[in-house]
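Every chain is numbered from 1 and lettered A, B, ... according to where its sequence line falls, protein lines coming before strand lines. Keep in mind that the numbers below use all heavy atoms, side chains included, and drop hydrogens, waters and symmetry copies.
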Amino acid sequence: AQTVTQSQPEMSVQEAETVTLSCTYDTSENNYYLFWYKQPPSRQMILVIRQEAYKQQNATENRFSVNFQKAAKSFSLKISDSQLGDTAMYFCAFMTGHGSSNTGKLIFGQGTTLQVKP
Amino acid sequence: GAGVSQTPSNKVTEKGKYVELRCDPISGHTALYWYRQSLGQGPEFLIYFQGTGAADDSGLPNDRFFAVRPEGSVSTLKIQRTERGDSAVYLCASSFVGQGVDNEQFFGPGTRLTVL
């Protein structure tokens with residue numbers, strides 16, 4: 001069975017600084033997808049960034065980037081130039097499959113609460 | 001356009017009662033997912049619909065939980081004989097097609113269920 005582990009329950013960072021959130025996962029699959037979701041107090045889950053396992057290049061979305069280490073089964077999220085609006089709970093998630101075999105089922109980690117301080 | 005909506009936003013019920021939670025997906029999305037999120041935890045998968053049929057219901061915890069999507073759009077999660085342990089936020093998500101990496105799941109705001 002696939003598992004996702006986030007070992008940092010809480011993190012804080014000063015506004016404009018950089019912070020890295022950790023995530024490790026366990027799977028025997030070769031083709032899969034990894035995601036980072038943001039959940040603010042409003043409860044609305046928002047996709048931040050995603051990575052296809054078959055791509056070696058790390059995904060980047062504006063101030064958000066990932067460090068994907070497939071052999072180590074590690075998928076960390078780096079937030080640059082942190083903003084007050086980044087304060088939220090962040091979840092790492094895993095999805096098996098590729099193409100037509102993709103089940104669509106997301107497996108989430110326990111989450112990391114990030115507070116950005118002014 | 002409108003996002004995924006869920007009603008009610010909050011539901012308080014007594015132990016042993018029956019509840020229904022509703023999810024309206026984004027128009028045109030063929031795949032629909034239900035997740036349950038306990039306090040301080042990540043969401044846990046419950047069930048996945050492709051169209052009207054449940055393609056994967058492996059996450060439903062027991063036979064008190066049931067979900068339907070009769071016309072391939074709105075879905076209802078039904079919980080019989082509720083227990084205090086059922087208290088959680090129930091999240092719904094939809095995507096255009098259930099297969100393929102680019103089919104991002106769009107989440108609703110959830111229904112917070114409290115069983116007294």
Please determine whether residues [X] and [Y] belong to a single hydrophobic cluster, defined as Ile, Leu, Val, Met, Phe, Trp and Tyr linked transitively by side-chain heavy-atom distances below 4.5 Å.
| X | Y | value |
| --- | --- | --- |
| B/Y48 | A/M45 | yes |
| A/F75 | A/L21 | yes |
| B/Y90 | A/I46 | no |
| B/W34 | B/V89 | no |
| B/F49 | B/L60 | yes |

Would you say that more than 12 heavy atoms from the other residues, nucleotides or ligands in this model lie under 6.0 Å from the [atom1] of [X], or not?
| X | atom1 | value |
| --- | --- | --- |
| B/F66 | CZ | no |
| B/L39 | CG | no |
| A/K70 | NZ | yes |
| A/N62 | CG | no |

**Message:** Just so I understand: if I count every heavy-atom pair under 4.5 Å between each of B/A93, B/S58, B/S9 and chain A, which residue has the most?
**Reply:** B/S9
**Item:** Interface moiety of A/Q39 toward chain B, non-hydrogen atoms closer than 4.5 Å
**Value:** side chain
**Asked** Roughly how far, to the nearest 0.5 Å, is the OG1 atom of B/T111 from the CZ atom of A/R43?
**Response**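 Output value for this atom pair is 7.0 Å.
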**Complete:** d(A/K105 NZ, B/D56 CG) to nearest 0.5 Å is 4.5 Å
**Asked** Within residues 7-19 of chain A, which positions have a heavy-atom distance to chain B below 4.5 Å?
**Response** none
**Message:** Checking an interface table here. Which of residues 109-118 of chain A come within a heavy-atom distance under 4.5 Å of chain B?
**Reply:** A/G109, A/Q110
**Asked** What part of B/Q37 is in contact with chain A, defined as an atom under 4.5 angstrom from a non-hydrogen atom: side chain, backbone, both or neither?
**Response** side chain
**Asked** Does a side-chain heavy-atom distance below 4.5 Å link B/P43 with A/Y37?
**Response** no
**Residue pair B/F106 / A/Q44, side-chain heavy-atom distance below 4.5 Å** =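 A side-chain contact is absent here, since even the closest heavy-atom pair is not under 4.5 Å.
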**Request:** Without swapping roles, check the side chain of B/E104 against the backbone of A/L47 for a donor-acceptor pair under 3.5 Å.
**Result:** no
**Request:** Could you tell me whether a side-chain N or O of B/Y35 sits under 3.5 Å from a main-chain N or O of A/L106, the two making a donor and an acceptor?
**Result:** yes
**Message:** A/D81: which residues meet the salt bridge (charged side-chain N to carboxylate O under 4.0 Å, His left out) condition with it, sequence neighbours left out?
**Reply:**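 Residues passing salt bridge (charged side-chain N to carboxylate O under 4.0 Å, His left out) with A/D81: none at all.
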**Heavy-atom pair of closest approach, residues A/M89 and B/G40** = CE-O, 4.2 Å
**Asked** By the rule that ILVMFWY residues connect when side-chain heavy atoms come within less than 4.5 angstrom, directly or transitively, which residues belong alongside B/L116?
**Response** B/V12
